[in-house]
Amino acid sequence: MEAGHLHPLLKVWEMFRRIFLEMGFEEMPTSNFVESSFWNSNALFQPQQHRARDSHDIFFLKVPSTTRQLPEDHVERVKRVHESGGYGSQGYGYDWKRVEADKNLLCSHTTAVSSRKITIFFFRRQTFFSHLCLLKGKQNWCSVRWCHSSVSIICFFILPHCQSICVEITFSPKRYFSIDHVFQNEAGDRTHLAEFHQIEVLVCDRGFKLGDLIGVLSDFFARLRKKLLQVSECQSYNSNLRTIRTQSLAWKFSVIMRGFKKWLDVGNSGVFSPEMLLPMRLPEDASVIAWGLSLERPTMILYGIDNIRDLFGPKVDLGLIKTKPICRLGIQ
Amino acid sequence: MPTVSVGRDRLFAALGRSYTQEEFEKLCFDFGIELDDVTTEKAIIRKEKHLDDAEADEDEEVIYKIEVPANRYDLLCLEGLVQALRIFVGLDEIPKYTVVDIPTKSMIKMHVKPETSSVRPFVVCAVLRGITFDEARYNSFIDLQDKLHQNICRRRSLVAIGTHDLDTIKGPFTYEALPPTEINFVPLKQVKSFRADELMEFYKSDMKLKKFLHIIENSPVYPVIYDKNRTVLSLPPIINGAHSAITLNTKNVFVECTATDLTKAKIVLNTMVTMFSIYCERKFEVVPVEVVYSNGKTSVHPDLSLSKMEVSLAYITGSIGVELEANEVTSLLSKMQLHAKQADSSDGLCRISVSVPPTRSDVLHACDVMEDVSIAYGFNKIPKTKPTSMTQGRQQPLNQFTDLIRLEIAMAGFTEVLTWILCSYNENFSMLNRKDDFKTAVIIANPRSSDFEAVRTSLMPGILKTVGHNKDHARPIKIFEAGDVVVLDDAKDVGAVNRRHLAALYCSSKSGFEVIHSLVDRIMEVVGTPFIPVDANTGIGDDTGYHIRQSNEPEFFPGRQASIIFKGKHIGNFGMVHPEVLAKFDISDPCSYLELNLESLQ
């Protein structure tokens with residue numbers, strides 16, 4: 001019969017979104033395919049000579065080849081932590097080059113968005129208060145002092161002929177997710193394409209424990225259990241991700257998918273490293289835990305598709321789109 | 001992520017016991033590495049030659065391929081893996097590496113000439129004395145250099161390692177940079193002498209070495225290391241001299257690392273000497289070399305001292321979420337090769353004093369110490385907890401809106417497609433009859449194939465490719481896509497911005513212009529915007545509704561196309577696709593197409 005149809009990958013996308021929304025996660029804006037190297041890797045404490053920055057993995061751009069603008073004070077802190085450390089770290093001990101940070105690329109992971117998001121979250125509050133300060137009087141007549149404590153960012157306004165006002169900006173916990181395109185400059189095969197969708201999840205809170213990450217992950221997997229997973233538990237072990245040091249502590253997690261007998265690695269998780277978070281001026285006891293997985297893999301398993309090109313891209317058979325069933329992922 | 005191949009039997013012999021594959025997998029898992037593959041040398045060769053597995057031999061040596069974390073350079077060889085695992089299971093103590101205490105004046109010297117600063121400024125060296133090689137050790141020694149070159153050395157661009165039989169050469173050594181025509185030597189594996197520029201030409205056909213030539217090729221001077229008698233030790237980062245090549249009988253090894261990154265050179269040197277000092281007459285002992293720069297500055301290498309840090313116990317246990325006493329933490333850390341003891345406390349806070357050996361260059365911060373505690377404790381033993389804070393779920397308004405529109409379009413009988421963001425340059429321009437104005441599209445600098453030359457500025461190429469690939473699908477084809485395109489934008493920090501577009505296409509024996517036109521009307525209906533025609537007298541539209549206006553876009557057939565003006569703003573076009581465009585996408589049936597900017601409808 002004649003009917004309209006939604007794309008299978010986007011049906012799964014929608015169900016994942018619903019799961020996160022039910023779990024109290026806020027969607028991040030990911031409409032930023034062009035990104036600077038600074039946000040894509042440098043701000044994540046990934047060294048500039050890291051192999052993930054090779055042109056074998058990254059799409060660099062001819063137009064627009066470089067970014068026009070970076071947050072200069074943040075850049076300065078990032079440069080310092082890479083070169084000579086700080087925040088309790090030894091740093092990498094190499095010459096950090098601004099020209100590398102300026103290079104534009106197509107975002108290779110959505111963590112770039114997360115890092116912007118975490119930073120913006122604080123900057124927005126700071127900007128708000130500097131505006132407030134402008135309203136109260138001309139900026140050069142008053143002095144504003146930022147004071148970072150482990151508990152909050154405290155802002156003092158000292159106005160002429162006026163009592164000083166002290167405003168405390170407290171850190172509020174956040175849960176974010178996003179599902180969007182990422183780009184990796186690889187030739188591709190049956191399960192890999194140069195572009196795919198990444199599910200990225202992060203939880204910011206203070207005083208977080210590793211146990212919390214395992215707990216949140218288990219909650220997430222429990223919701224996938226009925227349709228996608230054989231067991232709701234995930235098995236985890238530490239792995240290489242830490243080398244990028246986006247995560248100070250990272251492990252791969254594997255799950256048993258329906259129809260599979262063995263553990264399959266489906267994603268990575270971890271805690272963002274202090275060398276990434278502190279230059280963003282997060283409070284010292286705030287931590288961010290994150291995990292990520294691809295959207296294509298679960299979709300291919302759910303719909304029994306074994307070549308990614310049959311699912312995503314211009315060579316997809318319209319008959320396949322029309323006949324795939326609804327996605328029941330997340331229905332308990 | 002690097003993979004290390006080790007012979008299973010040699011590995012088990014060194015570990016002091018044999019394991020079943022499951023037992024060994026569990027050990028790897030607990031230590032945070034992974035048994036990636038079990039194979040044999042011959043199977044690898046058969047695979048390369050695409051031969052059948054049927055010829056497998058029973059008595060072939062089994063090889064374990066083990067995946068190790070990319071920043072653990074000490075795990076890149078059998079020696080390091082065995083040492084780490086033996087300490088982890090409690091068989092061995094953490095080794096104490098020492099540098100032989102000799103007065104500076106009797107040290108071997110490496111003099112650095114100022115010219116090297118323009119091409120490869122740093123060199124660090126050390127000597128392994130009284131080493132005993134056998135074939136397996138020798139191979140491992142060569143393999144480790146290869147692995148380091150591939151990983152931390154970034155294909156020799158940051159650091160290059162040269163190893164030499166010290167008894168065939170004589171210090172003091174000099175590290176120089178000379179015009180290629182002035183360098184002459186017999187390189188490794190060759191019998192005749194080459195001039196450096198000829199050698200570079202010669203290696204252009206060498207599968208392995210040609211990848212490294214670019215590092216110095218364009219420099220007017222090439223780095224080179226000589227001994228006292230002007231014997232060439234190496235032409236870094238390309239090749240060593242044949243004269244000082246190490247053999248199975250070599251007793252004393254001179255290791256030099258030339259570099260553009262001094263920190264990494266030190267790590268590489270430390271890794272080489274710590275791993276193989278186990279085969280020295282005096283185990284774990286290394287002989288220092290003094291590097292003398294032309295400005296008189298000197299430094300002695302290797303530096304095998306322990307780096308110290310203090311980490312509070314509360315930070316470790318609090319971050320992991322387990323209650324551990326100081327002595328438990330210190331014993332967990334020693335399983336991970338970190339010397340640890342409880343620090344003296346004056347303020348009542350319990351701190352762990354950690355000494356990091358030179359093999360653990362990956363430990364930069366207290367969080368690395370915390371991670372090692374959690375690995376040694378066992379990730380899967382950490383009790384599960386739930387974060388207690390309240391947060392609210394919230395969607396991106398644009399995604400929420402897009403979803404509603406997608407449903408409406410599907411309800412109108414269209415099938416959703418999902419195409420790639422990247423396309424070829426021609427698909428984005430000439431195949432759509434468009435000319436690049438150089439002000440619109442993001443262009444990729446390093447595409448691997450023509451499929452990834454540009455970021456789409458419209459959804460049209462993907463949609464047309466889909467139709468082109470679905471030749472056998474019953475007509476009419478009614479498809480749509482809601483997705484992002486990227487356009488250059490000077491107002492954005494990165495110079496480009498995503499735009500959410502909606503496209504729909506009708507393809508059948510008739511063009512279906514009216515189907516697409518009614519879809520436009522339907523979309524406007526669902527966003528609650530009335531059709532308000534242009535005032536016939538003034539020619540000006542109303543900015544509360546929408547109207548359409550004749551357009552002249554090259555991808556559409558002239559006279560059969562229109563612009564959509566939404567509240568006074570041009571938000572998209574629809575029309576019959578130009579037959580030239582259809583032909584370029586190999587589509588034989590007429591098509592009508594609509595594309596508009598969804599963000600404007602929000």
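Proteins come first, then strands; the chains are lettered A, B, ... in the order of their sequence lines, and each starts at number 1. The shown structure was predicted, so the numbers you read here are calculated from the model rather than taken from an experiment.
- For A:L106, the part sitting under 4.5 Å from any heavy atom of chain B is the side chain, from C-beta outward, and nothing else.
- Taking a 6.0 Å sphere around CG of B:D437, one finds it holds more than 12 heavy atoms contributed by other residues, nucleotides or ligands.
- Between the side chain of A:N185 and the backbone N or O of B:N446 there is at least one donor-acceptor pair closer than 3.5 Å.
- For the pair A:F33 and B:V486, the minimum side-chain heavy-atom distance is below 4.5 Å.
- Separation of atoms CZ (A:F177) and CD (B:Q395) is listed at 7.0 Å; rounding is to 0.5 Å.
- Proximity to chain A (any heavy atom under 4.5 Å) is shown, for B:I267, by neither the backbone nor the side chain.
- B:N470 has its side chain within reach of A:D317: a pair of non-hydrogen atoms, C-beta onward, lies under 4.5 Å apart.
- Note that the CG atom of A:L193 and the CG atom of B:D451 stand 10.0 Å from one another [nearest 0.5 Å].
- Only the backbone of B:Q400 has a heavy atom closer than 4.5 Å to any heavy atom of chain A.
- Between B:G318 and A:K209, the closest heavy-atom pair is O-CG, 3.3 Å.
- A:E27 places no side-chain N or O within donor-acceptor distance of the main-chain N or O of B:R394, the cut-off being under 3.5 Å.
- Residue-environment remark: NZ (A:K322) exceeds the threshold of 12 foreign heavy atoms within 6.0 Å.
- No donor-acceptor contact under 3.5 angstrom links the side chains of B:D484 and A:S31, judged on distance only.
- Note: B:D403 leads B:V417, B:D403, B:L407 in heavy-atom pairs under 4.5 Å with chain A.
- Neither the backbone nor the side chain of B:T317 comes within less than 4.5 Å of any heavy atom in chain A.
- Interface residue B:D490: backbone and side-chain heavy atoms are both found under 4.5 Å from chain A.
- To the nearest 0.5 angstrom, A:I58 atom CD1 is 11.0 Å from B:I444 atom CD1.
- Between the side chains of B:H365 and A:S89, no donor-acceptor pair of N or O atoms lies under 3.5 Å.
- Most heavy-atom pairs under 4.5 Å with chain B: of the set A:S36, A:G91, A:G215, this distinction falls to A:G215.
- Across A:R68 and B:K492, no two heavy atoms sit closer than the pair CD-O, 3.3 Å.
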Take A:E35 and B:D493 through the side-chain contact (heavy atoms from CB on, under 4.5 Å) test and state the conclusion after the steps.
-> CA-CA 9 Å; A:E35 191 48 278; B:D493 55 353; 5.7 Å; no

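- Not a single donor-acceptor pair under 3.5 Å links the side chain of B:T391 to the backbone N or O of A:K174.
- Residue A:Q90 comes nearest to B:S307 through the heavy atom pair NE2-OG, 3.8 Å, listed as atom of the first residue, atom of the second, then distance.
- Taking each heavy atom of A:H5 and B:F480 in turn, the nearest pair found is O-CE2, 3.9 Å.
- Rounding to the nearest 0.5 angstrom, the gap separating the NE2 atom in A:H7 from the OG1 atom in B:T415 is 10.5 Å.
- Here the closest non-hydrogen pair linking A:I214 and B:K384 is CG2-CG, 3.7 Å.
- Using a 4.5 Å cut-off between heavy atoms, B:L464 makes no contact with chain A at all.
- Contact check for A:V216 versus B:K386: no side-chain heavy atoms found under the 4.5 Å cut-off.
- For B:R155, the part sitting under 4.5 Å from any heavy atom of chain A is the side chain, from C-beta outward, and nothing else.
- Interface check for chain B: of the options A:Y94, A:Y87, A:F183, A:F20, the most heavy-atom pairs under 4.5 Å are formed by A:F183.
- A:D205 and B:S389 form a side-chain donor-acceptor contact under 3.5 Å, judged by distance and modelled atom types alone.
- Judged by distance alone, the side chain of B:Q392 and the main-chain N or O of A:G24 form no donor-acceptor pair under 3.5 Å.
- A distance of 13.0 Å separates CZ in A:F59 from CD1 in B:I443, rounded to the nearest 0.5 Å.
- Using a 4.0 Å cut-off between charged nitrogen and carboxylate oxygen, B:K478 and A:E2 count as a salt-bridge pair.
- Between A:V34 and B:V494, the shortest heavy-atom contact is O-CG2, 3.6 Å.
- Counted within 6.0 Å of NZ on B:K471, heavy atoms from surrounding residues, nucleotides or ligands total more than 12; the atom is thus considered enclosed.
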